[in-house]
Amino acid sequence: MFDMTSRIGKVARRIGGALLALLGFSSCSKIIEVPLEYGTPNATYRISGTVKSKSGDAIGGVQVALKFVVPNTEERYLHKDTLYSDKSGEFSKEVRVFPVSTIEMTFNDIDGDMNGGEFESEKAVVTPVQSEKGSGSWYNGSFDVRHDAVLEKKAE
């Protein structure tokens, strides 16, 4: 026997679930790199810095690998990203992700001699500094993350 009430209930639940999923992902800001669901705590991180040699020369084309570290979780790195320094040695990006305690930055010279020699890699752990308070609900505010790397040339 056909039960119309049961069938309507199933269809309504499916439509409701699809609608909630659409609302969650469409409410994200334009700067978000990682999809955040509606009601997920989040914060904006402005990452910037420079890459120079020990002699003070700017180093362009250096890969800056980022790992956003979330405290007290099994999956320590919720988000990973990569930037590159420009010809004046500067790098910058703004991302909006789940709140993190630190950001690990690894600087890798990936172009060999093209930027004035081969340079050793450097790792840095940077603690974000809050520059703007959040809304008091899910948005935790804006944070600045800056590191100026100084790379040493590889021994020849």
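Between Glu94 and Thr44 the shortest side-chain heavy-atom distance falls below 4.5 Å.
The side-chain contact (heavy atoms from CB on, under 4.5 Å) check on Glu118 picks up Asp109, Asp113, Lys154, with sequence neighbours excluded. Remark: Ser88 engages Asp86 in a side-chain hydrogen bond (donor to acceptor under 3.5 Å, both in side chains) (not counting sequence neighbours). Shown here are the side-chain hydrogen bond (donor to acceptor under 3.5 Å, both in side chains) partners of Asn108, two or more places apart in sequence or in another chain: Gln63, Ser121. With sequence neighbours left out, the salt bridge (Lys or Arg N to Asp or Glu O under 4.0 Å) criterion links Lys54 to Glu152. Taking the side-chain contact (heavy atoms from CB on, under 4.5 Å) definition, one finds that Val125 meets it with Thr102, Glu104, sequence neighbours left out. Looking at residues two or more places apart in sequence or on another chain, you find no salt bridge (Lys or Arg N to Asp or Glu O under 4.0 Å) involving Asp57. Remark: Ser48 engages Arg146 in a side-chain hydrogen bond (donor to acceptor under 3.5 Å, both in side chains) (not counting sequence neighbours). Qualifying side-chain hydrogen bond (donor to acceptor under 3.5 Å, both in side chains) partners for Thr127, counting only residues two or more places apart in sequence or in other chains: none.
Identified under the ring-ring contact (aromatic ring centres under 6.0 Å, His included) test for residues 134-156, with sequence neighbours left out: Tyr45-Phe143, Phe107-His147.
When all heavy atoms of Ile59 and Ser53 are compared, the closest pair comes out as CD1-N, 3.5 Å. Nearest heavy-atom pair across Gly60 and Asp111 is O-OD2, 3.9 Å. Residues Ser131 and Arg46 share a closest heavy-atom pair of OG-NH2, 2.7 Å. Between Leu151 and Glu120 the shortest heavy-atom distance is CD2-O, 3.7 Å. Closest of all the heavy-atom pairs between Val145 and Pro128 is CG2-CB, 3.8 Å.
Side-chain heavy atoms closer than 4.5 Å link hydrophobic residues (I, L, V, M, F, W, Y) into clusters, and following such links, even through other members, never connects Val150 to Val64.
Here the side chain of Ser85 pairs a donor or acceptor atom with the backbone of Val62 at under 3.5 angstrom.
Residue Ile103 holds its CD1 atom at 14.0 Å from NZ of Lys80, rounded to the nearest 0.5 Å.
Cluster partners of Ile110, by chain and number: Tyr84. The rule joins Ile, Leu, Val, Met, Phe, Trp and Tyr whenever side-chain heavy atoms lie under 4.5 Å apart.
Here the options are Asp144, Asp81, Val95, the test is side chain to side chain contact (heavy atoms under 4.5 Å, CB included), and the partner is Ile47; only Val95 passes.
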